There are 2 protein chains.
Amino acid sequence: MIDLFITYLRNNASLTDGEIDRVVSLSTPRSLRRNELLLQEGQICRQKGFILKGLLYTAGSAAGEDGEHILQFSAEQNWILDAESYDQQIPSRFNIAAVEKTELLVWGRNDFEGLREEIPGLTKFAQQLISRNIYSSRQRILAALSGTPEEKYTSFVRNNPGLLQRLPLRMIASYLGISLKTLTRIRHAQIQR
Amino acid sequence: MIDLFITYLRNNASLTDGEIDRVVSLSTPRSLRRNELLLQEGQICRQKGFILKGLLYTAGSAAGEDGEHILQFSAEQNWILDAESYDQQIPSRFNIAAVEKTELLVWGRNDFEGLREEIPGLTKFAQQLISRNIYSSRQRILAALSGTPEEKYTSFVRNNPGLLQRLPLRMIASYLGISLKTLTRIRHAQIQR
DNA sequence: GGGAAAGTTGGTCATTTGACCATATTTTCC
DNA sequence: GGAAAATATGGTCAAATGACCAACTTTCCC
């Protein structure tokens with residue numbers, strides 16, 4: 001299973017095999033059951049994770065709001081953490097939990113930051129990830145602002161192939177910012193065609 | 001005017017006066033007229049800016065959409081750039097333009113990256129800014145997903161005191177993802193009370 | 001100063017959305 | 001296996017929203 005991570009690093013980062021070994025050597029496997037929390041609102045994020053298999057979601061609520069919305073889904077071959085809480089070691093405002101049984105590698109913050117000092121290529125790689133992260137956040141904002149619920153849904157399905165089957169519809173509705181009822185209606189209408 | 005920047009650095013970054021001088025020495029003043037573009041979609045972002053006075057907005061359109069939406073407003077005492085385009089030197093997907101007459105300091109990318117290598121405290125400071133940026137993006141996503149148009153508007157006014165007077169309503173509507181008509185209605189209803 | 005453009009408000013109407021409630025179906029877990 | 005919970009669909013209705021069009025006001029710029 002850990003090979004998935006090694007392959008990922010080989011393909012995406014510019015690290016030597018020795019450096020990769022070093023990164024792997026400080027990781028700890030962890031597994032989450034369905035609905036199990038990786039990080040709870042109010043806790044401080046003390047570790048960085050990489051998803052080997054499975055699916056997580058990050059959820060939070062707007063200031064003064066009651067309901068939670070899903071901000072992000074993170075599937076295998078992705079890193080997972082609350083950047084704000086991790087970087088500044090302040091309580092997180094978000095929950096991160098497993099949609100389905102999930103296998104992770106995790107690194108304690110000290111270990112990982114040590115690795116970054118030790119391996120410049122890792123810092124550079126992390127930088128790229130942040131840049132992509134910022135970009136996808138912006139796309140997400142645009143998607144939330146633009147279009148009808150139906151357009152949002154079809155665009156979600158198009159951009160996240162395979163995810164539809166793994167998610168309860170209520171989570172998709174939450175992610176899109178529409179009611180479950182509306183989502184049902186949309187799907188019903190699309191089947192007709 | 002440049003003192004605004006020096007004061008800002010003194011209060012927010014951990015730099016010596018000498019380092020601050022160094023940063024200032026590589027900056028160039030620039031001024032934008034109302035509606036003038038700082039960065040156009042398709043161009044590569046080659047500089048980093050700091051707003052001394054004025055107000056800018058960043059706008060873009062979702063993939064395959066026709067209309068533009070405003071992603072962000074940036075007022076004085078803030079940095080401005082398209083991080084994705086700047087970091088990777090790829091064409092920007094966004095427009096950045098002035099809402100009103102704006103005074104900036106700008107740094108060419110090479111100059112600024114040179115400063116970052118020269119001054120570790122600057123890199124650390126930049127890192128903090130990114131972390132905050134990620135956080136505010138998430139807040140923005142939540143705000144876009146949660147609540148009625150009226151809640152979005154009142155929360156916008158609350159969180160951005162003073163901005164209301166400086167922005168055309170159609171920009172606020174675009175930022176909130178609602179129609180201008182709806183925004184007018186909300187305002188009308190609130191005056192009644 | 002004055003003409004043109006930009007910005008704002010208003011009216012009407014068809015459509016969509018969400019709220020609430022009930023019911024059917026699937027999944028979970030003991 | 002079977003009860004209980006979670007998930008999905010359906011019906012109805014009132015309310016909110018956006019589209020379209022027109023009028024009015026303010027601002028800009030020559």
Side-chain angles (χ1 to χ4, degrees), chain A residues 32-37 54-55 57 59 62 65-70 73 97-102 144-157 163-193, chain B residues 31-37 54-55 57 59 62 65-70 73 97-102 143-157 163-193:
Chain A
L32 294 173
R33 284 172 309 176
R34 191 174 136 82
N35 293 328
E36 192 175 349
L37 282 163
L55 185 56
Y57 67 88
E65 286 286 325
D66 40 349
E68 259 199 344
H69 278 276
I70 291 180
F73 295 116
V99 175
E100 62 189 31
K101 189 171 188 319
T102 297
L145 295 177
S146 324
T148 62
E150 170 152 17
E151 287 164 347
K152 291 182 193 185
Y153 172 68
T154 52
S155 138
F156 173 80
V157 173
L163 233 51
L164 181 58
Q165 289 74 16
R166 299 164 72 182
L167 292 168
L169 292 182
R170 64 177 174 80
M171 287 196 184
I172 298 179
S174 166
Y175 180 85
L176 298 177
I178 63 181
S179 73
L180 177 57
K181 182 65 198 275
T182 300
L183 182 53
T184 296
R185 278 199 274 241
I186 290 168
R187 288 162 53 85
H188 183 76
Q190 290 190 342
I191 289 170
Q192 305 296 351
R193 304 175 198 155
Chain B
S31 103
L32 295 172
R33 284 172 309 177
R34 191 173 134 82
N35 294 328
E36 192 175 349
L37 281 163
L55 185 56
Y57 68 88
E65 286 284 327
D66 41 347
E68 260 199 343
H69 278 275
I70 292 180
F73 296 115
V99 175
E100 62 189 32
K101 189 171 188 318
T102 297
L145 295 177
S146 324
T148 63
E150 169 151 17
E151 286 165 348
K152 292 183 191 184
Y153 173 69
T154 53
S155 138
F156 173 80
V157 173
L163 234 49
L164 181 58
Q165 289 75 17
R166 299 163 74 181
L167 291 168
L169 292 183
R170 65 178 171 79
M171 287 197 186
I172 298 179
S174 166
Y175 180 84
L176 298 177
I178 63 182
S179 74
L180 177 57
K181 181 67 198 277
T182 299
L183 182 54
T184 295
R185 278 199 273 241
I186 290 168
R187 288 162 53 84
H188 183 76
Q190 290 189 343
I191 289 170
Q192 304 297 351
R193 302 175 198 157

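The model shown is predicted, which means the values in this text are computed figures rather than measured ones. By convention in this document, chain letters (A, B, ...) are assigned in the order of the sequence lines, proteins followed by strands, and residues within each chain are numbered from 1.
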A.B. asks: In whole angstrom, what separates B/L169's CG from D/dT26's P?
C.D. replies: 14 Å

A.B. asks: Are any of A/H188's side-chain N or O atoms less than 4.0 Å away from OP1 or OP2 of D/dG10?
C.D. replies: yes

A.B. asks: Within the side chain of A/T102, is there an N or O that forms a donor-acceptor pair under 3.5 Å with the backbone of A/E100?
C.D. replies: yes

A.B. asks: Got a donor-acceptor contact below 3.5 angstrom from the A/K101 side chain to the A/G54 backbone?
C.D. replies: no

A.B. asks: To the nearest Å, how far apart are B/R187 CZ and C/dG7 C1'?
C.D. replies: 12 Å

A.B. asks: Nearest whole angstrom, please: distance from the P of C/dA6 to the CE of B/M171.
C.D. replies: 12 Å

A.B. asks: Would you give the length of the straight line joining atom CD1 of B/I172 to atom CZ of B/R166, rounded to the nearest 0.5 angstrom?
C.D. replies: 12.0 Å

A.B. asks: Treating B/S174 as the side-chain partner and B/R170 as the backbone partner, does any N or O pair qualify as donor plus acceptor under 3.5 Å?
C.D. replies: no

A.B. asks: May I ask you to decide if B/A143's main-chain N or O and B/S146's side chain share a donor-acceptor pair within less than 3.5 Å?
C.D. replies: no

A.B. asks: Check the distance between D/dC28's P and B/E36's CD and give it to me in whole angstrom.
C.D. replies: 16 Å

A.B. asks: In this structure, how many angstroms lie between the C1' atom of C/dA6 and the CD atom of B/E100, rounded?
C.D. replies: 16 Å

A.B. asks: Assign a letter to each nucleotide of nucleotides 15-30 of chain C from its 5' end: B, base within under 4.0 Å of a protein heavy atom; S, sugar-phosphate only; -, no contact.
C.D. replies: --BBB--------S--

A.B. asks: About how many Å separate CG of B/L55 and CZ of B/R34, when rounded to the nearest 0.5 Å?
C.D. replies: 11.0 Å

A.B. asks: Rounded to the Å, how far apart are B/Q165 CD and C/dT8 C1'?
C.D. replies: 16 Å

